[in-house]
Amino acid sequence: PILYSYFRSSCSWRVRIALALKGIAYDVVPVNLLEDGGQQFSAEFKAVNPMQQVPVLKIDGITLSQSLAIIHYLEDTRPNPRLLPQDPKKKAQVRMIADHIVSGIQPLQNLSVLQQMGEKKMEWAQNCISSGFQALEQTLQHTAGRYCVGDEVSMADLCLVPQVSNAERFKVDMGPYPTITRINKALLELEAFKVSHPSRQPDTPAELRA
């Protein structure tokens with residue numbers, strides 16, 4: 001498998017966690033979203049993904065983009081360990097939380113949006129993340145055990161950790177979100193979350209390396 005990734009991309013990080021949890025070895029092709037005017041806009045990468053976004057995973061003879069589509073494929077083809085519960089209610093809760101983050105928070109503060117916000121980008125990002133986290137905190141109070149849904153790591157957790165990292169980067173006050181903070185701390189103790197961390201990628205700049 002080949003993963004087109006950017007060290008700081010939260011969408012790429014979700015997929016890196018899934019690959020690590022499932023023990024899938026892969027090669028990385030770094031795509032720097034800032035250098036050369038954004039390497040994702042090159043003709044070479046557009047041929048790989050017309051949406052000009054990371055991540056992209058080449059696996060089993062197919063090319064997949066969109067982090068949740070990739071994770072669902074890995075779940076279907078390599079089901080251990082499970083990232084979606086078998087119980088229909090818990091499975092729906094996992095998907096709900098994942099969608100809350102990947103549709104309701106992350107796109108509003110991703111690079112392409114922030115570049116259009118100019119000087120207001122920090123304030124914009126903080127507002128988008130805070131409003132999303134207020135709702136997420138309430139949801140997690142009903143679904144969480146050790147992790148987002150019960151005591152097993154799920155696709156929801158793969159989305160949570162990168163989003164908390166974004167929140168910290170944009171200096172969001174995490175005080176009002178004790179459940180999010182507790183779950184994030186527990187997840188970051190797991191090896192799959194450590195090895196996939198932005199500070200430990202092949203394309204991580206030296207000054208940001210762990």
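No experiment lies behind these values; they were computed from the predicted model shown.
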Engineer: Any non-hydrogen side-chain atom of D36 less than 4.5 Å from a side-chain atom of S42?
Structural biologist: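 Not touching, per the 4.5 Å side-chain cut-off.
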Engineer: Determine, step by step, whether L140 and I97 satisfy the side-chain contact (heavy atoms from CB on, under 4.5 Å) criterion, reporting the C-alpha distance in whole Å, the side-chain angles of both residues, the deciding distance to 0.1 Å, and the verdict.
Structural biologist: CA-CA 8 Å; L140 291 173; I97 293 164; 3.8 Å; yes
Engineer: Report yes if some heavy atom in the side chain of W13 is under 4.5 Å from a heavy atom in the side chain of R8; otherwise report no.
Structural biologist: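 SC-SC contact between W13 and R8 ruled out.
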Engineer: Are V28 and L33 linked, directly or through intermediate hydrophobic residues, by side-chain heavy-atom contacts shorter than 4.5 Å (ILVMFWY only)?
Structural biologist: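 Unlinked, L33 and V28 end up in two clusters.
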Engineer: Closest approach of V172 and S130, non-hydrogen atoms and distance?
Structural biologist: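 So the minimum-distance heavy-atom pair works out to CG1-OG, 3.7 Å.
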Engineer: For Q163, which of Q109, Q106, E168 qualifies under side chain to side chain donor-acceptor pair (under 3.5 Å)?
Structural biologist: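 Going through Q109, Q106, E168 one by one, the side chain to side chain donor-acceptor pair (under 3.5 Å) with Q163 is satisfied by Q109 alone.
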Engineer: Between CE of M117 and OG of S112, what distance do you get to the nearest 0.5 Å?
Structural biologist: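 Spacing of CE (M117) from OG (S112) equals 12.0 Å.
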Engineer: Considering all heavy atoms of both residues, which atom of V54 and which atom of C11 are nearest to each other, and what is their separation?
Structural biologist: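 Here V54 and C11 meet closest at O-CB, 4.0 Å.
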Engineer: Strictly distance-based, threshold 3.5 Å: is any side-chain N or O of Q39 a donor or acceptor partner for the main-chain N or O of L34?
Structural biologist: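 Side chain of Q39 to backbone of L34: no pair is present.
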Engineer: Nearest 0.5 Å, please: how far is CD1 in I71 from CG in L84?
Structural biologist: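 One gets 9.5 Å once the value is rounded to the nearest 0.5 Å.
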Engineer: Does the S9 side chain pair with the main chain of S5, one donor and one acceptor, at a distance under 3.5 Å?
Structural biologist: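 No: the side chain of S9 does not pair with the backbone of S5.
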Engineer: Check the orientation of Y4 and F45. Use parallel for under 30°, tilted for 30 to 60°, and perpendicular for over 60°.
Structural biologist: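 The arrangement is tilted - the two ring planes meet at 30° to 60°.
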Engineer: Under 4.5 Å between any side-chain heavy atoms of L111 and Q115, yes or no?
Structural biologist: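 Yes - at least one pair of side-chain heavy atoms lies under 4.5 Å apart.
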Engineer: Quick one, L158 with L21, criterion side-chain contact (heavy atoms from CB on, under 4.5 Å). Give me CA distance, side-chain angles, the key distance, then yes/no.
Structural biologist: CA-CA 10 Å; L158 276 58; L21 283 168; 3.8 Å; yes
Engineer: Heavy-atom count around E189 CD within 6.0 Å, excluding the residue itself: above 12?
Structural biologist: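 Check passes, neighbour count above 12.
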Engineer: Side chain to side chain contact (heavy atoms under 4.5 Å, CB included) with Q138: which residues, sequence neighbours excluded?
Structural biologist: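 Listed in chain order: nothing, the list is empty.
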Engineer: Which heavy-atom pair separates I105 from C128 by the least distance, and what is that distance?
Structural biologist: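 Here I105 and C128 meet closest at CG2-O, 4.3 Å.
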Engineer: Output, in order, the C-alpha distance, side-chain angles, deciding distance and verdict of side-chain contact (heavy atoms from CB on, under 4.5 Å) for I129 and Y177.
Structural biologist: CA-CA 11 Å; I129 296 168; Y177 318 118; over 6 Å; no
Engineer: Give, for atom CG of L74 and atom CD1 of I59, the distance between the pair rounded to the nearest 0.5 Å.
Structural biologist: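 These two atoms lie 5.5 Å from each other.
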Engineer: Is the side chain of R14 donor-acceptor paired with the backbone N or O of D157 at a distance under 3.5 Å, no angle test?
Structural biologist: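 Absent.
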Engineer: With the side chain counted from C-beta on, respond yes when R16 and Y26 share a heavy-atom pair under 4.5 Å apart, and no when they do not.
Structural biologist: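 Heavy-atom side-chain distance check passes, below 4.5 Å.
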Engineer: In Å, rounded to the nearest 0.5 Å, how long is the span from CG of L160 to CD1 of I101?
Structural biologist: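 One finds 5.0 Å between CG of L160 and CD1 of I101.
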Engineer: Between N184 and L187, is there a side-chain heavy-atom distance shorter than 4.5 Å?
Structural biologist: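 L187 does not reach N184 side chain to side chain.
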Engineer: What is the distance from atom CE of M155 to atom CZ of R95, rounded to the nearest 0.5 Å?
Structural biologist: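 Spacing of CE (M155) from CZ (R95) equals 6.5 Å.
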Engineer: For atom CD of E191, is the number of surrounding heavy atoms from other residues, nucleotides or ligands below 6.0 Å larger than 12?
Structural biologist: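 Counting other residues, nucleotides and ligands, CD of E191 exceeds 12 neighbours.
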Engineer: Test of understanding: clusters of I, L, V, M, F, W, Y form through side-chain heavy atoms closer than 4.5 Å, transitively. Do F193 and V195 belong to the same one?
Structural biologist: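 No, F193 and V195 fall in different hydrophobic clusters.
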Engineer: Could you tell me whether the side chain of T204 and the main chain of P198 form a donor-acceptor pair under 3.5 Å?
Structural biologist: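 Confirmed, T204 side chain pairs with P198 backbone.
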Engineer: Treat each ILVMFWY residue as a node, draw an edge where side-chain heavy atoms are under 4.5 Å apart, and state whether V102 and L114 are in one component.
Structural biologist: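 Cluster IDs for V102 and L114 match.
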Engineer: Are V164 and F133 side-chain neighbours, meaning at least one heavy-atom pair lies under 4.5 Å?
Structural biologist: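 When only atoms from C-beta onward are counted, F133 and V164 do touch, with a gap below 4.5 Å.
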Engineer: Counting only N and O atoms by type, is there a donor-acceptor contact under 3.5 Å from the side chain of S103 to the main-chain atoms of H100?
Structural biologist: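 No: the side chain of S103 does not pair with the backbone of H100.
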Engineer: Tell me if the CD atom of Q141 is crowded by more than 12 foreign heavy atoms within 6.0 Å.
Structural biologist: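 Atom CD in Q141 is crowded, with more than 12 foreign heavy atoms closer than 6.0 Å.
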Engineer: Any donor-acceptor pair under 3.5 Å linking the side chain of W124 with the backbone of G118?
Structural biologist: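 No, the answer is negative, given that no donor and acceptor are paired below the 3.5 Å cut-off.
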Engineer: Give a yes or no answer on whether the side chain of Q201 reaches the backbone of Y6 with a donor-acceptor pair at less than 3.5 Å.
Structural biologist: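 Side chain of Q201 to backbone of Y6, a donor-acceptor pair under 3.5 Å: no, none is there.
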Engineer: Let me confirm one number: the CZ-NZ distance from R200 to K194, rounded to the nearest 0.5 Å.
Structural biologist: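 Spacing of CZ (R200) from NZ (K194) equals 8.0 Å.
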Engineer: Report whether V15 and F7 are members of the same hydrophobic cluster (ILVMFWY, side-chain heavy atoms less than 4.5 Å apart, transitive linking).
Structural biologist: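 Each belongs to a different hydrophobic cluster.
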Engineer: Do the side chains of L188 and L208 join up, straight or via other hydrophobic residues, at under 4.5 Å, putting them in one cluster?
Structural biologist: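 Per the 4.5 Å side-chain linkage, L188 and L208 are not co-clustered.
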Engineer: Under 4.5 Å between any side-chain heavy atoms of Y147 and L190, yes or no?
Structural biologist: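 Yes, side chains in contact.
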Engineer: So which pairs with a foot in residues 55-83 pass salt bridge (charged side-chain N to carboxylate O under 4.0 Å, His left out), sequence neighbours left out?
Structural biologist: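 Only K22-E75, D60-R78 qualify under salt bridge (charged side-chain N to carboxylate O under 4.0 Å, His left out).
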Engineer: What's the shortest heavy-atom distance between C148 and A156, and which atoms?
Structural biologist: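 It is CB-CB, 3.8 Å.
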Engineer: May I ask you to check whether over 12 heavy atoms, not counting those of E137, lie within 6.0 Å of atom CD?
Structural biologist: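 Atom CD in E137 is crowded, with more than 12 foreign heavy atoms closer than 6.0 Å.
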Engineer: Search all heavy atoms of I183 against all heavy atoms of R146 and return the closest pair with its distance.
Structural biologist: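 In this case the closest contact between I183 and R146 is CG1-O, 3.9 Å.
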Engineer: Closest heavy-atom contact between L57 and P1?
Structural biologist: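 Taking every non-hydrogen atom into account, CD1-CB, 4.2 Å.
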Engineer: Evaluate the side-chain proximity of P85 to V94: yes if any heavy-atom separation is below 4.5 Å, no if none is.
Structural biologist: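 In short, these two side chains touch, coming nearer than 4.5 Å.
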